[in-house]
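Here the structure is laid out as structure tokens; the discussion comes afterwards.
Each chain gets a letter, A, B and so on, in the order its sequence line appears, and its residues count up from 1.
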Protein chains: 2
Amino acid sequence: MRKIAQRDDIRDLILDGVDALLARFGFRKMTMEDLAREVGIGKGTIYLHFPSKEELALAHIDRIAERLLLRLREIAAGPGSSPERLRRMLLARVLHRFDSVTHYSQNLDDLLSSVRTPLLARRRAHFEKEAAVLAEVLRDGCAQGVFCSAEIRASAQALVWCTNSLLPFSLSARELGERDELEQRVTGIVDLLLKGLLRRSPGPSKRRR
Amino acid sequence: MRKIAQRDDIRDLILDGVDALLARFGFRKMTMEDLAREVGIGKGTIYLHFPSKEELALAHIDRIAERLLLRLREIAAGPGSSPERLRRMLLARVLHRFDSVTHYSQNLDDLLSSVRTPLLARRRAHFEKEAAVLAEVLRDGCAQGVFCSAEIRASAQALVWCTNSLLPFSLSARELGERDELEQRVTGIVDLLLKGLLRRSPGPSKRRR
DNA sequence: CTTATGACCATTATCGTATTCTGGTCATAA
DNA sequence: TTATGACCAGAATACGATAATGGTCATAAG
């Protein structure tokens, strides 16, 4: 009987194991015994921290979402103009998804289909938090007169939804293409979206033609 | 032995049958005998018009795409300003997809997974044609000075890609939500995209604040 | 007393096989 | 020349027997 340093530590260790096995085998082929062996603890111990295999997977997904949220907050608090930060955030969201899909490869479908129903509500919650961070930056931009100030909340949600769509999880890794290519395509759309948000006539207009 | 009126007529009749059976049973459970019975011809006759079941499905998908293309051309040639027409076209694309997904319900996954590989190339071709029509309207707008004239081709492709993403076929009908709700959400994004395309400082700016 | 463990069990998944079904062909009919 | 359905090889399915797995809990360790 080994003494576990901290309650949260072992939770994280287990989730690390989940991450490894999920990428290697997918959800269905990852057994609780595999996982216990990977982490180096007994199977029963896992059930002291998670009530079921499904909740385990959901907790793992939550952790991924939290990391993305952290990254978005970093960017939001970081340097750059409001549109620049927003642009980086949107790109980060899509690339984060890209990395997830490639990391879990075919096994992502397996995971998602196994926990699809309970996942929907959680995703909504994640998306709302992310939209909230986007909204902050939008508000920043409004305060500086860069963005027009109408419909901030709705705009943020639209941006979240759109960037979700740009790389649906359901894509298999095989159909993704190169990361660079994706980045380029997404950048085009994101720029278009941002331009749409910008305030009309931003300063002394130099009319051409 | 019944005399078929016209070669194209029977082709269309068969595809009508495909449409009906696909919606009812999906691709795998739709048998060639079912289809022959539905259309009221012998099984062998189908093979006089289509080389295989797979090609049959692809032809059916082609026909759907052609109808959408027709609709887009209608809108493009119809009344309204360039941005208005563009907006209608983008919305039409998404709603067209919505209708497909709801029409074939669960059975769409079945169809798509059964012909996924050969479908990819065809979809690319369809998308290019659709992008070409969008590009026409964009060019119209440029000629009138509504849109900025850079990157028309790329913009059209971006719009196609983005509206594709807004409603991936892989969504099951169950997750779609209401058509009205979709229309509303998509309208928001489409408007954002269009605003991004508009030319800056379009006339005497009335600066607020 | 709290925390960790793995043998244990009911349920689920997997596999092998016997059987049915179905895409595609073609000799025959109209 | 055009249409048809009996026919066949190979694919899908149904099913029962067997193996694997999620979750529990009495026991052990600290």
Would you say B:R179 has more than 12 foreign heavy atoms packed within less than 6.0 Å of its CZ?
yes
Expressed as a whole number of angstroms, how long is the span from B:E54:CD to C:dG24:C1'?
14 Å
I'd like a table of atom pairs between the protein and nucleotides 5-14 of chain D - only N or O on both sides, under 3.5 Å - with the distance next to each one.
| from | atom 1 | to | atom 2 | distance (Å) |
| --- | --- | --- | --- | --- |
| D:dG5 | N7 | B:G44 | N | 3.4 |

Is any side-chain heavy atom of A:K129 closer than 4.5 Å to one of A:E66?
no
How long is the line joining CG of A:L35 and C1' of D:dT21, in whole Å?
13 Å
When A:D110 is tested against each of A:R28, A:R116, A:R24 for salt bridge (Lys or Arg N to Asp or Glu O under 4.0 Å), which residue passes?
A:R28
DNA chain C: stems of at least 3 consecutive Watson-Crick or G-U pairs whose donor-acceptor distances fall under 3.5 Å:
C:1-30 with D:1-30
Would you call A:D16-A:R11 a salt bridge at under 4.0 Å N-O?
no
Carefully, step by step, assess A:I64 and A:S100 under the rule side-chain contact (heavy atoms from CB on, under 4.5 Å).
CA-CA 9 Å; A:I64 295 177; A:S100 286; 4.3 Å; yes
Minimum-distance nucleotide (side-chain atoms of A:T31 versus D:dG22, C:dA4, D:dA3):
D:dG22
What is the separation between atom CD1 on A:I46 and atom C1' on D:dT24, rounded to the nearest whole Å?
14 Å
For a salt bridge (Lys or Arg N to Asp or Glu O under 4.0 Å) check, start with the C-alpha distance between B:E55 and B:R122, then their side-chain angles and the critical distance, and finish with the verdict.
CA-CA 12 Å; B:E55 282 299 324; B:R122 304 216 176 195; 3.1 Å; yes
Kindly indicate, with the supporting measurements, whether the criterion salt bridge (Lys or Arg N to Asp or Glu O under 4.0 Å) is fulfilled by B:R67 and B:E74.
CA-CA 11 Å; B:R67 286 177 181 169; B:E74 259 178 44; over 6 Å; no
Starting at NE2 of A:H49 and ending at P of C:dT3, how long is that distance when rounded to a whole Å?
9 Å
Measure OH/A:Y47 against C1'/D:dA26 and give the value in whole Å, please.
18 Å
In this structure, are over 12 heavy atoms from other groups packed under 6.0 Å from A:E151 atom CD?
no
Give the rounded distance in Å between these two atoms: CZ of B:F50 and P of C:dT25.
15 Å
Ion pair check, A:D34 and A:K29, cut-off under 4.0 Å:
no
Have B:Y104 and B:D19 got a donor and an acceptor in their side chains that come within less than 3.5 Å?
yes
Separation of D:dT21 C1' from A:M32 CE (nearest whole Å):
10 Å
Check whether the side chains of A:R97 and A:N164 place a donor and an acceptor atom closer than 3.5 Å, and report yes or no.
yes
Separation of B:D9 atom CG from D:dT2 atom C1', in whole Å?
16 Å
Looking at DNA chain C, which of residues 13-27 of chain A put a heavy atom within less than 4.0 Å of it?
none
